[in-house]
Protein chains: 2
Amino acid sequence: MEIEREDDKATFVYDEVVRIAGTGAPKPVPFDVEGKGQPGRASIGDVARLAEVAPITVSRALRNPEMVSPDKRLRIQRAVEETGYSVNPHASALKSGRSNIVLAFASNLMSEQFSLALRSCTAVLEDAGYLFLVGQTSYSYERETAAIRSLHAMKPAAVMFTGVIELETNRELLRGLGIPIMETWALPRDPIDMLVGFSNTEAGWIAADILHRKGYRTVSYVGRRGGRGALRLKGFHDGCRALGMTLLGEHLIDDVNGVSDGRRCLAAAISQAARPEALFCSNDVLALGCMMEARRLNIRVPNDLGILGFGESDIAAEIPPGLTTIGIDSAMLGRKAGEMLISSLSGAPFAGKLKRLDLRVSDRGSV
Amino acid sequence: MEIEREDDKATFVYDEVVRIAGTGAPKPVPFDVEGKGQPGRASIGDVARLAEVAPITVSRALRNPEMVSPDKRLRIQRAVEETGYSVNPHASALKSGRSNIVLAFASNLMSEQFSLALRSCTAVLEDAGYLFLVGQTSYSYERETAAIRSLHAMKPAAVMFTGVIELETNRELLRGLGIPIMETWALPRDPIDMLVGFSNTEAGWIAADILHRKGYRTVSYVGRRGGRGALRLKGFHDGCRALGMTLLGEHLIDDVNGVSDGRRCLAAAISQAARPEALFCSNDVLALGCMMEARRLNIRVPNDLGILGFGESDIAAEIPPGLTTIGIDSAMLGRKAGEMLISSLSGAPFAGKLKRLDLRVSDRGSV
DNA sequence: TTGTAAGCGTTATCAG
DNA sequence: CTGATAACGCTTACAA
């Protein structure tokens, strides 16, 4: 077989993908409904007919099995298996006004930390029988508003955000939904409904504290201009002032697209007349970029320049000398959020609505 | 303000989150439906009454404006704005058997490449009026099956997977859905329906070719045991044989959890009696781990050991000497997939169903 | 414990 | 171009 890298001639190799034959999974669904010739899905009526009960009994058997006598329950179960029936969530939602879908909106799917949180949240919610789906808002108010408006129609069981909602109109819209709303990743005084978060402002203070303890006296900030970046900057700024450190520069960017943004920030930071002894990067991607650029320029970290990050990026630990970074347990955030949503959904009367997570410091070697 | 890092005493700093007052966004929804005292959402009937038309006319005005006369269209539009009406997707889906939701299932949200593809796909589909939501299957057949079964009931407009479906029962189930199914990230001979993919087997051949051209003669493989990992290994294995290279070892892992897995693989690879001159890592996270471990062990890359990756990871370029990596344009994959789904959904008669992407090589310095 | 009747909000169908 | 009617599949409310 020839390998041709620039083949416009369709000389290529198919993937012989493994095919795994039938497992013990329930019978496939295509089901010839009695009478109707279509191969459509079975409906609750079909199951009821097969089990010789009323449709409503099927409904009950599926949602509150204990309300149905054991023999009917068994017949129904058999009929369900035979037909491959599963509830039509649209019909269910239309009638009951509820659905088993929990929606999450992430401002950025490419964030390692968000992904981690969403993954653990998925696990918790799906184990409880919910379908957990994720949409993207891309740090755009417009998309966020669109998402929230569509929510209003879709009536999910609950909604979660990787962040807090800033637009007052959107907060209002969400309140009107009458479902549990979970905000995360910050610690506002007035969450819409539920919250699993931490103080970004405090993170900034902690950053200042760490740098101060390590003996740095002149520092600069690198981070996003808006949102949580601004909060961390505020804390850092206040912390520096309180501790008598000089905040030489603030290198703000609108959007983090990759490590190269960090490189640029470092270049900007050291090109200033007064060069800082250390940098607080409110985002590990930026911090990594700074570390890489520092190495390229033969600036020794931490000897010539301390670098402190935020976010506990996986690889941050791996780049010598190891990025010291502030962060939270993202997986735990997701898990907690999931658990709190579940208990709220199951109608627990005084389920906690707020959970503050502690920040922690992973001391590696970069400051 | 005090900073206390180990505070169990709730001494912490709230985030003063920015609040942005009302924009020109449409009036919030809570709407007192005439007659009923509830503050519930407006329904199509409410809009119809206000506009003095029949409900069906509202429905048409919203979906095919050109079917309704301009004056009624205007009255309806006004009524919609006044009531904050939006279509109830459940009722709509129930009746029509269609919805505007496109579902994607990712085996792993933490993959940089998947995220990139999903992001561009989101953009394309949302611009076309679809709601694009992502679920996770976590490389688990069980979760995948559950997801697919729930699909059957939910009737999304289309479904997409970051991968191809291996279980025959699931393929059958998906075929029965009667909606566009998009598989990606591989090049099977018999996709279920639509496909935007590339040949993983070919990627392995290319890897062998690259290493051979660079003069390596004894090599080892590092990668996932199953799925696409196995395909890349197959191509690499065959390529090595064809080119007369010796494939010394295969270091297979079940699941990539982070860079440390790569470290372990490198350690295993070099501890063999016959040490390979180069490594092909079928995954950039593993490749990065290998590079980092190599540096730690003072193994010079590429002089002592060549390392070739797959996936075009962002940071791969940044770690000296720069990881040479094979890959595709993930953003383009997502965009293409989105576009093809849209044209299929809009009923284009012979819209292409298959698209093969070319592999490309980012030559940096690690081989 | 089980069943009957009604309707959730929308759209397909067909008639005007 | 517009409207009346019925039905999608399910669950609430009530009755037996």
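Worth knowing before you read on, the calculation uses all heavy atoms, side chains too, and leaves out hydrogens, waters and symmetry mates. In what follows, chains are A, B, ... by sequence order, proteins preceding strands, each numbered from 1.
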Could you tell me which residues satisfy side-chain contact (heavy atoms from CB on, under 4.5 Å) with [X], sequence neighbours excluded, listed by chain and number?
X         : result
Arg19(A)  : Val17(A), Glu168(B), Arg171(B), Pro188(B), Asp190(B)
Ser344(B) : Pro180(B), Met194(B)
Lys155(B) : Arg41(A)

Atom [atom1] of [X] to atom [atom2] of [N]: distance rounded to whole Å?
X         : N       : atom1 : atom2 : result
His90(B)  : dC8(C)  : NE2   : C1'   : 12 Å
Asp46(A)  : dC10(D) : CG    : C1'   : 13 Å
Arg49(B)  : dG3(D)  : CZ    : C1'   : 16 Å
Lys155(B) : dG9(D)  : NZ    : C1'   : 10 Å
Asn100(B) : dT11(C) : CG    : P     : 11 Å
Leu62(B)  : dT10(C) : CG    : P     : 9 Å

field: Residues in contact with DNA chain C, drawn from residues 64-77 of chain B - heavy-atom cutoff 4.0 Å
entry: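 The stretch gives none, as no residue of it lies under 4.0 Å from the strand.
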field: Centroid-centroid distance, Trp185(B) to Phe114(B), less than 6.0 Å
entry: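 They qualify: ring centres under 6.0 Å apart.
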field: Contact pattern, 5' to 3', of nucleotides 11-16 of chain D - B, S or - by protein heavy atom under 4.0 Å
entry: BB----
Check: residues 61-71 of chain B side-chain donor-acceptor pairs under 3.5 Å, at least two apart:
| unit_1 | atom_1 | unit_2 | atom_2 | d |
| --- | --- | --- | --- | --- |
| Ser69(B) | OG | Asp71(B) | OD1 | 2.7 |

Nearest-nucleotide 5' precedence on DNA chain D, Pro89(A) against Val53(B):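 Result: Val53(B).
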- request: With sequence neighbours excluded, give me every side chain to side chain donor-acceptor pair (under 3.5 Å) pair touching residues 96-106 of chain A.
  value: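 Pairs touching residues 96-106 of chain A that pass the test: none.
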Minimum side-chain heavy-atom gap Asp193(A)-Lys353(A) below 4.5 Å: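 When only atoms from C-beta onward are counted, Lys353(A) and Asp193(A) do touch, with a gap below 4.5 Å.
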field: Arg60(B): partners by salt bridge (Lys or Arg N to Asp or Glu O under 4.0 Å), with sequence neighbours left out
entry: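 In terms of salt bridge (Lys or Arg N to Asp or Glu O under 4.0 Å), with neighbours along the sequence ignored, Arg60(B) is linked to no residue.
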query: Got a sec, which residues hit salt bridge (Lys or Arg N to Asp or Glu O under 4.0 Å) with Glu126(A), two or more places apart in sequence or on another chain?
result: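 By the salt bridge (Lys or Arg N to Asp or Glu O under 4.0 Å) rule, Glu126(A) matches Arg143(B).
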- prompt: Is there a side-chain polar atom (N or O) of Thr57(A) under 4.0 Å from OP1 or OP2 of dG3(C)?
  reply: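 For dG3(C), OP1 or OP2 has a side-chain N or O of Thr57(A) closer than 4.0 Å.
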